[in-house]
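The next block holds one structure in the form of structure tokens; read it before the comments.
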Amino acid sequence: KDDSSLETIVRKFQDSMSVGKKHTFWETQPVGQFKDLGDVSLPEGPIEPPTPLSEVKQVPYNLPTPYEWTTCDLDSEDTCTEVYNLLKNNYVEDDENMFRFNYSKEFLRWALHPPGYYKSWHIGVRAKTNKKLVAFITGVPARIRVRDAVVKMAEINFLCVHKKLRSKRLAPVMIKEVTRRVHLENIWQAAYTAGVVLPTPITTCQYWHRSLNPKKLIDVGFSRLGARMTMSRTIKLYKLPDSPATPGFRKMELRDVPAVTRLLRNYLSQFVVAPDFDENDVEHWLLPEENVVDSYLVESPETHDITDFCSFYTLPSSILGNQTYSILKAAYSYYNVTTKTPLLQLMNDALIVAKQKDFDVFNALDVMQNESFLKELKFGPGDGQLHYYLYNYRMRNALKPSELGLVLL
Ligand SMILES: CCCCCCCCCCCCCC(=O)SCCNC(=O)CCNC(=O)[C@H](O)C(C)(C)COP(=O)(O)OP(=O)(O)OC[C@H]1O[C@@H](n2cnc3c(N)ncnc32)[C@H](O)[C@@H]1OP(=O)(O)O
Ligand SMILES: CNCCCN(C)c1ncc(F)c(N2CC(C(=O)NCc3cnc4ccccn34)C2)n1
């Protein structure tokens, strides 16, 4: 085949993806590189082999002089408050700087204390003079299956540099330091998501939003009144029943963990990338915790079998610069499984209980089988895309969102 034409195609694709950007840090990392796109000779799997633990750098990377490393113990109320405030004021915003994630303290403790977590992976940076927390990055251990291989990974999240310290190349140092600490635990792969394009996404997902409180969403600028629509017509359009329709629909309890684990493991086995949850993981990640995670299941009234499951997590956003409202209450679809109830009906019940709990919006990614209900349940496409990444693990080709069974927080 005439290579030059192939090269032309790849270059055009790369240009179109505006990936011509120089990623001076990411080009040094064992991740899929844009220049390798299209090279089908590269095998799927780890990019670099593990190094002997004796050869892993034993001391932390150097920070710029005025700063020092700190390990953040989220069981300490004061430290948890410092982390909460750093993120509340400096974490992810939408492109128009109208909203900023406002992860709660109890959510952060839940997200960062799963079974087998390492405190040393909760990494902060302080200014030496006043000891103020100015940056943060975290990892938690997870077993992630990629096709038939279950891989021990670190899930990396909450990378945050104070607004006043941006564009000083602090992020690469934070990433190298968390990588070093993960290597010390003999783990060589990681999974992470970001709203920005980096080398190289394994898939790119679309956010969808289902209005629950359309008047507030329009007032704060999250949504706009549809063309030829009045406010009262819009409120009516999104109205939901007062209670769930499915017989046997109830909150998950501790006694349900074995059944939900079986249900979830079986369901997730169909996806190319998915967590390999055991009962301990299910107990941590899916047992309801107020203001953090909600999960419901369907217990057949006849047989008492657990046939279906749905869950969503609570992630409010600060509304920047609105006189009337300061918080947008958002629910994010988490893991959902159906074996008897139609997914459409189960997810409508999830919307109903989310509305009952006074959420303003229900968000979902187009992962797993979510696409089958989004339009019919009146979700609208969002402006945010979420790119999924693996570190030191090459995928032969990018996945479709429907092949992905992993939701990060
Ligand atoms: C084996 C174990 C491995 C463990 C590690 C696995 C990898 C984990 C990777 C992290 C997963 C995080 C998952 C989440 O938490 S995603 C959420 C990220 N956080 C935010 O968006 C909060 C608001 N923004 C900020 O706090 C800062 O802008 C951050 C800290 C994001 C960048 O700070 P700053 O703006 O001051 O820039 P810089 O001058 O220091 O550095 C510029 C370099 O940093 C690259 N950059 C920018 N944004 C991201 C990003 N979101 N992931 C990875 N890299 C990113 C950028 O391409 C450039 O590199 P290159 O393009 O020149 O090469
Ligand atoms: C590193 N962990 C990745 C998950 C973090 N998550 C949940 C996230 N990452 C990127 C996004 F694009 C995104 N979106 C939710 C959609 C949305 O609601 N957009 C309006 C909006 C309301 N509040 C905020 C706050 C920040 C950004 C957009 N916001 C877009 N979500």
Side-chain angles (χ1 to χ4, degrees), residues 19 21-31 46-48 50 56 86-87 89-103 111 121 123 125 134-139 141 151-199 205-209 217 220-223 313 315-320 327-333 360-365 381-393 407-409:
V19 293
K21 271 171 70 178
K22 291 298 300 158
H23 290 285
T24 52
F25 166 68
W26 280 110
E27 281 160 12
T28 70
Q29 296 298 294
V31 292
I47 295 169
E48 285 177 351
V56 176
L86 175 74
L87 296 176
N89 298 317
N90 300 281
Y91 199 49
V92 186
E93 298 176 10
D94 67 305
D95 292 346
E96 292 162 63
N97 309 105
M98 294 165 64
F99 309 103
R100 191 184 306 126
F101 288 129
N102 185 352
Y103 286 87
W121 294 8
I123 306 170
V125 174
V134 295
F136 190 58
I137 189 168
T138 68
V151 183
K152 279 221 72 172
M153 295 197 189
E155 285 176 0
I156 306 300
N157 208 339
F158 305 113
L159 169 61
C160 182
V161 167
H162 193 286
K163 284 170 177 269
K164 291 204 167 64
L165 298 178
R166 298 281 170 84
S167 309
K168 295 174 180 299
R169 310 300 291 181
L170 258 180
V173 181
M174 309 276 297
I175 294 164
K176 287 191 290 192
E177 181 59 16
V178 74
T179 302
R180 187 187 71 84
R181 297 191 190 190
V182 171
H183 285 166
L184 287 174
E185 304 298 342
N186 199 24
I187 292 173
W188 306 94
Q189 273 72 36
Y192 51 104
T193 58
V196 292
V197 178
L198 304 163
C205 303
Q206 185 73 40
Y207 268 99
W208 290 72
H209 312 288
L217 294 180
V220 304
F222 183 94
S223 347
Y313 62 84
L315 169 49
S317 287
S318 302
I319 303 171
L320 312 172
I327 294 287
L328 177 74
K329 236 192 127 181
Y332 284 77
S333 179
D360 299 319
V361 64
F362 191 101
N363 292 332
L365 289 159
D383 50 5
Q385 283 194 313
L386 197 62
H387 308 279
Y388 277 74
Y389 301 93
L390 293 180
Y391 183 96
N392 193 21
Y393 201 95
V407 177
L408 298 186
L409 302 172

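Keep in mind that the numbers below use all heavy atoms, side chains included, and drop hydrogens, waters and symmetry copies. Remember, it's 1-based here, ligands and their atoms both numbered in the order they're listed.
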Self-check item: F158 and ligand 2 - part of the residue with a heavy-atom distance under 4.0 Å
Solution: neither
Practice problem: Would you mind listing which atoms of ligand 2 come within a distance below 4.0 Å of any non-hydrogen atom of V92? | Solution: 25 (C), 26 (C)
Self-check item: Atoms in ligand 2 flagged as close to Y91, the criterion being non-hydrogen separation under 4.0 Å
Solution: 1 (C)
Quiz prompt | Any W208 heavy atom less than 4.0 Å from ligand 2 | solution = no
Quiz item: Just distances here: any N/O of I137 and N/O of ligand 1 closer than 3.5 Å?
Solution: no
Self-check item: Polar side-chain atom of Y103 near backbone of L87 as donor-acceptor pair, under 3.5 Å
Solution: no
Practice problem: With heavy atoms of G384 as the reference, note each atom of ligand 2 found under 4.0 Å away. | Solution: 12 (F), 30 (C)
Quiz item: Starting from atom 20 (C) of ligand 2, which protein heavy atom do you reach first, and at what distance in Å?
Solution: F222 CE1, 3.7 Å
Quiz item: Polar-atom distance check: E27 versus ligand 1, any N or O pair below 3.5 Å?
Solution: no
Quiz prompt | Heteroatom distance test (A154, ligand 1): nitrogen or oxygen, under 3.5 angstrom | solution = no
Practice problem: Give the ring-plane orientation class for F158 versus F136, where under 30° counts as parallel, over 60° as perpendicular and anything between as tilted. | Solution: tilted
Quiz item: Would you call R181 and E177 a salt bridge, taking side-chain N to carboxylate O under 4.0 Å as the test?
Solution: yes
Exercise. Check Y389 against ligand 1 and report side chain, backbone, both or neither, counting heavy atoms closer than 4.0 Å.
Key: neither
Quiz item: Against heavy atoms of S167, which atoms of ligand 1 measure under 4.0 Å?
Solution: 34 (P), 36 (O), 39 (O)
Self-check item: Residue, atom name and distance, where the atom is the protein heavy atom closest to atom 28 (O) of ligand 1
Solution: R166 CD, 3.6 Å
Quiz item: Do V92 and ligand 1 have an N or O pair less than 3.5 Å apart?
Solution: no
Practice problem: Check for a donor-acceptor pair, side chain of N102 on one end and backbone N or O of I327 on the other, with a separation under 3.5 Å. | Solution: no
Self-check item: atom 49 (C) of ligand 1 - nearest protein heavy atom and its distance
Solution: V196 CG2, 4.2 Å
Self-check item: atom 53 (C) of ligand 1 - nearest protein heavy atom and its distance
Solution: L198 CD1, 3.4 Å
Self-check item: Side chain, backbone, both or neither: the part of Y391 lying under 4.0 Å from ligand 1 by heavy atom
Solution: side chain
Exercise. Report the nearest protein non-hydrogen atom to atom 18 (C) of ligand 1: residue, atom name, distance rounded to 0.1 Å.
Key: L159 O, 3.4 Å
Quiz item: For atom 32 (C) of ligand 1, what's the nearest protein heavy atom and its distance?
Solution: A171 CB, 3.8 Å
Quiz item: Nearest protein heavy atom to atom 18 (O) of ligand 2, by residue and atom, and its distance?
Solution: H209 CE1, 3.4 Å
Quiz prompt | Close-contact set for ligand 2 against T193 heavy atoms, below 4.0 Å | solution = 1 (C), 2 (N), 3 (C)
Self-check item: Other residues, nucleotides, ligands: >12 heavy atoms within 6.0 Å of K163 NZ
Solution: yes
Self-check item: Nearest-neighbour protein heavy atom for atom 26 (O) of ligand 1, which is reported as residue plus atom name and distance
Solution: V161 N, 2.9 Å
Exercise. Using a 4.0 Å heavy-atom threshold (strictly under), name the region of V182 that reaches ligand 1: side chain, backbone, both or neither.
Key: side chain
Quiz prompt | Close-contact set for ligand 2 against L386 heavy atoms, below 4.0 Å | solution = 3 (C), 9 (N), 10 (C)
Quiz prompt | Minimum-distance pair of heavy atoms, taken over all atoms of G382 and Q206 | solution = O-NE2, 2.8 Å
Quiz prompt | Atoms of ligand 1 close to W188 [distance to a heavy atom under 4.0 angstrom, numbered from 1] | solution = 1 (C)
Quiz prompt | Min heavy-atom dist T179 to ligand 1 below 4.0 Å | solution = yes
Exercise. Under 4.0 Å from a heavy atom of N157: give me the atoms of ligand 1 that qualify, with their elements.
Key: 15 (O)
Exercise. Just need the protein heavy atom nearest to atom 42 (C) of ligand 1, so name the residue and atom and give the distance.
Key: R169 NH1, 3.5 Å
Practice problem: Verify whether the ring centers belonging to Y192 and Y391 lie closer than 6.0 Å. | Solution: no
Quiz item: Quick one: does I175 get an N or O within less than 3.5 Å of an N or O on ligand 1?
Solution: no
Self-check item: Side-chain heavy atoms of K168 within contact of V173, under 4.5 Å
Solution: no
Quiz item: Of all the non-hydrogen atoms in the protein, which one sits nearest to atom 29 (N) of ligand 2, and at what distance?
Solution: D94 CB, 3.9 Å
Quiz item: Polar-atom distance check: Y207 versus ligand 2, any N or O pair below 3.5 Å?
Solution: yes
Exercise. Considering the heavy atoms of N157, write down every atom of ligand 2 situated less than 4.0 Å from one of them.
Key: 1 (C), 2 (N)
Quiz prompt | Q29 and ligand 1 - part of the residue with a heavy-atom distance under 4.0 Å | solution = neither
Exercise. Check whether any protein heavy atom sits under 4.0 Å from atom 8 (C) of ligand 1.
Key: yes
Practice problem: Indicate yes or no: does an N/O atom of L409 lie under 3.5 Å from an N/O atom of ligand 2? | Solution: yes
Quiz item: Does any N or O atom in S317 lie less than 3.5 angstrom from one in ligand 2, N or O only?
Solution: yes
Quiz item: Can you tell which part of Q189 has a heavy atom less than 4.0 Å from ligand 1: side chain, backbone, both or neither?
Solution: backbone
Quiz prompt | Contact atoms of ligand 2, heavy-atom distance to F99 under 4.0 Å | solution = 22 (C), 23 (N), 24 (C)
Quiz prompt | Between CG on residue L170 and SG on residue C160, distance to nearest 0.5 Å | solution = 11.0 Å
Quiz prompt | Gap between atom CD of Q385 and atom OG1 of T193 - 0.5 Å precision | solution = 13.0 Å
Self-check item: Interfacing atoms of ligand 1 (cut-off 4.0 Å, heavy-atom, K168)
Solution: 39 (O)
Quiz item: Do other residues, nucleotides or ligands put more than 12 heavy atoms under 6.0 Å from the CG atom of N97?
Solution: yes
Quiz item: Where does Y192 meet ligand 2, judged by heavy-atom distances below 4.0 Å: at the side chain, the backbone, both, or neither?
Solution: neither
Quiz item: Considering only heavy atoms of T24, which atoms of ligand 1 have at least one such atom less than 4.0 Å away?
Solution: 60 (P), 62 (O), 63 (O)
Quiz item: Would a distance-only check, ignoring hydrogens and angles, find a side-chain to backbone donor-acceptor pair under 3.5 Å from Q189 to N392?
Solution: yes
Quiz item: In terms of atom number and element, which parts of ligand 2 are under 4.0 angstrom from non-hydrogen atoms of N363?
Solution: 18 (O)
Quiz item: If we only count N/O pairs under 3.5 Å, is L170 in contact with ligand 1?
Solution: yes
Quiz item: By number and element, which atoms of ligand 1 are closer than 4.0 Å to a non-hydrogen atom of C160?
Solution: 26 (O)
Quiz item: Counting each atom of ligand 1 from 1 as listed, which ones have a heavy atom of A190 under 4.0 Å away?
Solution: 2 (C), 3 (C), 4 (C), 6 (C)
Quiz item: Is it the side chain (CB and beyond), the backbone, both or neither of W26 that lies under 4.0 Å from ligand 1, heavy atoms counted?
Solution: both
Self-check item: ligand 1 versus T193: contacting region, heavy-atom distance under 4.0 Å
Solution: backbone
Quiz prompt | Protein contact to atom 17 (C) of ligand 1 [nearest heavy atom, distance to 0.1 Å] | solution = Y91 OH, 3.6 Å
Quiz item: Looking at atom 47 (C) of ligand 1, would you say a protein heavy atom lies below 4.0 Å from it?
Solution: no
Quiz prompt | Protein heavy-atom partner closest to atom 25 (C) of ligand 2 - residue, atom, separation in Å | solution = F101 CE2, 3.3 Å
Quiz item: What pair of heavy atoms forms the shortest contact from L217 to D360, and how long is it?
Solution: CD1-O, 3.5 Å
Quiz item: Is the Y207 ring parallel, tilted or perpendicular to the H209 ring (thresholds 30°, 60°)?
Solution: parallel
